[in-house]
Amino acid sequence: MTTTTRLTNREVAAILAGVAARLQILDANRFRIIAFQNAAESIRTLAQDINAIDAAGELTNIQGIGKGIGDAIHHLLANGSDPEFDALFAQVPQGVVDMMQVPDMGPKKAKRLWEELGIDSVAALRAAAEAGQLRDLKGFGARSEEKILKGIELLEKRTAQGANERTPIGVALPLARRIIAELQANLPAGVIERIEIAGSLRRWKETIGDVDILCVSAQPSLVMETFRTLPEVADILGAGETKSSVVLGNGLQVDLRVVERKHWGAALQYFTGSKEHNVVVRELALKQGWSLNEYGLTATGAGDAPAGEERFFAEEADLYAFLGLDWTPPELRENRGEVTAARQHSLPALITLDALQGELHSHTTWSDGVASVAEMAEAARARGYRYWNVSDHSVGLGIVQGVDGEKLQRQRAEIDAYNRHCVEQGIDFRLLQGSEVEILADGSLGLSDEVLATLDVVVASIHSAQRQDRETITARCLKAIYNPHVDILGHPTGRLIGERPPTEIDMERILQACRETGTVVEINANPARLDVNDLYARRAVELGCKLAINCDAHSPQDLTLAEYGVGVARRGWLTTADVINTRPLDGMLALLKDAQRKANNER
Ligand code: DGT
Ligand code: CA
Ligand code: CA
Ligand code: ZN
C-alpha cells in the first residue's frame, strides 16, 4: 500500500486552476479551458471534502465536473499527481501564470513576453518594464510599461491585504444554514433548543472571517460530537466541552458554542458583535453600574444594585431594554451611531425582504441569461413579485451578444404576449421592457436615445474600460446619469468582491448627480458585487437619492439573491420608503425620471 498526503479541496482547486491558466497560455480549446475553470471554482466553494466524495465514487455529481475531469481528479487524489497535469506544469512556469494576475495582462500578452523576451515571473516583468525593455515589442509602448508597473503595484497591494482570506457572504451563508440544518437533522428532536448564526454573518457583512454559531442544549457533548463529524468538516481546530472550531472543505472556519438557556440573551448579543458595538454597549452598562459579559450583567456596586448581583436575559431584546436601549438589528451593530439612536428610540424601521414587489434588472436568453422571458416571469410570480423588468445587455459589451433596437422590437412582442396572457387570466403581474445599456468608454450609450425612449425602465452600467482615471470615469458616468432616458445606475462602482477593486469613480459626485436628476442608485444584490455597498447606500439616502435592490438575475435561481441586497440596504440604514421596488407598479413608475420630470413640469 502506498501512502500519499491527502490533497485538500483548496489544493485540488489550485491545481485545476493552474491547468486552466496554462491551457489559456497555450491557446488550447476554449471549452476545455472553461471546463477546468468551472471545475476549479466548484471545488473551491465545495463544502464536503473532495477525498470523501471521490471515495464514494461521486465526483461527477459535483456541478461542473464531467467524466473526463472527474477521472483526472480521481487520479490526482489517488497518486498525488497526474502525468498530464505534470507535463503542463513543467511546460509553462508558474511565474508566467502569475504574470496573468497583473491587471490588464491577458494570456496572450503573458505568452508573448515569455516567448519573445524570456520573461517568466512578475519580478522579471517589473525589471523589464522599469528598464524600458518592453517598448520594443510590437504592440507594446512606453505607456504599456507604465500600465504594467501600476498593475503590479495594485496586485501587490491586494495580496498584502489578503483580500482573499475572507469568505464572501454568498459562500458562507448557505454553508452556515446547511450546517445548522444538518445538526438538527442528525440530532434527536429537542436536543437543540435554540440555534442561531452570530458574528459578522448575522450582521450581514459582505465578507466573513469565520462563522459563529450559538445554540442552547442540555446535551452539549452530543452536540459537539455531532458537529465535529459532519461530512463538511475537513479539519478540527478545537474540541472543547461547549465550544468546537472546525474547518470546512473550502477552508471556511466555523465555531459552534453551546450556552445555557439563561445566558442566551447576553451570549447572542456578545457573539454577534461587532466588537466596536459591544464596547459602546459595555461602557453604557458600566455607567449604570453593571459589568457586561457573555453571561449577563454583574452589578459593580457603583449603581443601585449591591455589588455582585447578577442579571440574566432570556432574549437579547431584554438585555437591550434593561440598558434603556431599543433592540438593535444586528446589521446596524457597527458603532455607526446605532447605540445613540437606540437610546433615543430613533432607530430606523429597516426594510425587509418581503417588502420587495418586483425586480428591475434581469437577463434572459436574449442576452447572457439562461432562461427565457416567460421562464423568468414565472419564477418572479412564484416569488410573489408583481412586476419584472427584462433588461438584457445592449450592444457594446464585447463578449456578450447584446440586444439592438431591432431585437428589442421582437422582444417587445414576446413581452406583450406574456402580459396579454396575464390580463386574460386575471393575473396581477406585469412584465416591463428595459435594457441594461452599456455606458461606453466615452460616456455615450450602447443604444440610441430613440430606442431608449421606447423602453420602460433603463439600467445603465459599465462593464468595460474600468481602469480609466478618476476624472474620466466619473465624467463618463455623469454623462449617462444626465441622459433623460437612464432610470437606474447599475452596479455603480464595478467592484467584484475579493477579485476586482472598485473603479476610481468619484461616488460623492455621482450620488449628487443621481439626486439632482432623479436617477435611481442600484444596490446590486449579487453577492459577488454588493454594489453600491452599505456605506454608499447610506450616503445616497442622506443626499436624498432613491435606490433599487436588484438581483441582476441571469437565471430563475438568482431571484434568491435578493436577500443579500436587503442585507446591504439594512446595513445602510435603509427603510422601505428608500427603495423604489417596494412600491406597487404605478408608484414605482411614478418615481422614475420621465414621470418625475412630467410631474415637475405640471407643477
Ligand atoms: P469576522 O469573523 O472577522 O468576520 O468578524 P466577527 O465579528 O464575527 O468576529 P469574531 O468571529 O472574531 O467574533 C465574533 C463576535 O464575538 C464579535 O463580533 C464580538 C465578539 N468578540 C470576540 N472577541 C471579542 C473581544 O475580544 N471583545 C469583545 N468585546 N467581543 C469579542
Ligand atoms: Ca466570525
Ligand atoms: Ca469566531
Ligand atoms: Zn446585469
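Remember, it's 1-based here, ligands and their atoms both numbered in the order they're listed.
In summary, the atoms of ligand 1 found under 4.0 Å from a heavy atom of I208, numbered by their order in the structure, are 4 (O). Residue contact check: S274 has heavy atoms under 4.0 Å from atoms 18 (O) of ligand 1. For ligand 1, the atoms lying closer than 4.0 Å to a non-hydrogen atom of G199 are 8 (O). Counting atoms of ligand 1 from 1 in the listed order, those under 4.0 Å from a heavy atom of G209 are 1 (P), 2 (O), 3 (O), 4 (O). Close contacts between ligand 1 and R203 involve ligand atoms 7 (O), 18 (O) [criterion: under 4.0 Å to a heavy atom]. Residue-ligand proximity, R282 to ligand 1, at heavy-atom distances under 4.0 Å covers atoms 28 (C), 29 (N).
In this structure, NZ in K546 is found 15.0 Å from CG in D487, a value given to the nearest 0.5 Å.
Annotation for Q184: atom CD counts as buried by contact number, over 12 foreign heavy atoms lying within 6.0 Å. Few gaps surround CD on E406; more than 12 heavy atoms of other groups in view lie less than 6.0 Å from it.
Judged by the shortest distance from any of its heavy atoms, K205 lies outside the 4.0 Å radius around the atoms of ligand 1. Between R166 and ligand 1 there is a heavy-atom distance shorter than 4.0 Å. Note on ligand 1: D255 sits outside its first shell, no heavy atom being nearer than 4.0 Å.
Looking at R495 and L530, their side chains come closer than 4.5 Å, going by heavy atoms from C-beta outward. Annotation: side chain of L252 is in contact with side chain of L175 (closest heavy-atom distance under 4.5 Å). By the 4.5 Å heavy-atom criterion applied to side chains, I351 and I549 are counted as neighbours.
Listed by chain and residue number, I197, L201, V211 satisfy the side-chain contact (heavy atoms from CB on, under 4.5 Å) test with A176 (two or more places apart in sequence, or in another chain). In this structure N278 satisfies the side chain to side chain donor-acceptor pair (under 3.5 Å) test together with Q269, sequence neighbours excluded.
Looking only at protein N/O/S atoms, the ones less than 2.8 Å from the Zn ion (ligand 4) make 4 in total.
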**OP:** Begin with the C-alpha distance, continue with both residues' side-chain angles, and end with the deciding distance and a verdict on side chain to side chain contact (heavy atoms under 4.5 Å, CB included) for R203 and E334.
**Re:** CA-CA 9 Å; R203 305 197 311 278; E334 301 289 349; 2.8 Å; yes
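Listed by first and then second residue, the side-chain hydrogen bond (donor to acceptor under 3.5 Å, both in side chains) pairs involving residues 282-302 amount to none (not counting sequence neighbours).
The nearest pair of heavy atoms linking R383 to A562 is NH2-CB, 3.9 Å.
In D212, the N, O or S atom that comes nearest to the Ca ion (ligand 2) is OD2.
Looking at ligand 1, you'll find an N or O of S200 within less than 3.5 Å of one of its N or O atoms.
The residue among N293, T272, D210 with a heavy atom at the shortest distance from atom 11 (O) of ligand 1 is D210.
Taking the six-membered ring where the residue is Trp, H491 and H463 present perpendicular rings, their angle passing 60° and hence far from 30°.
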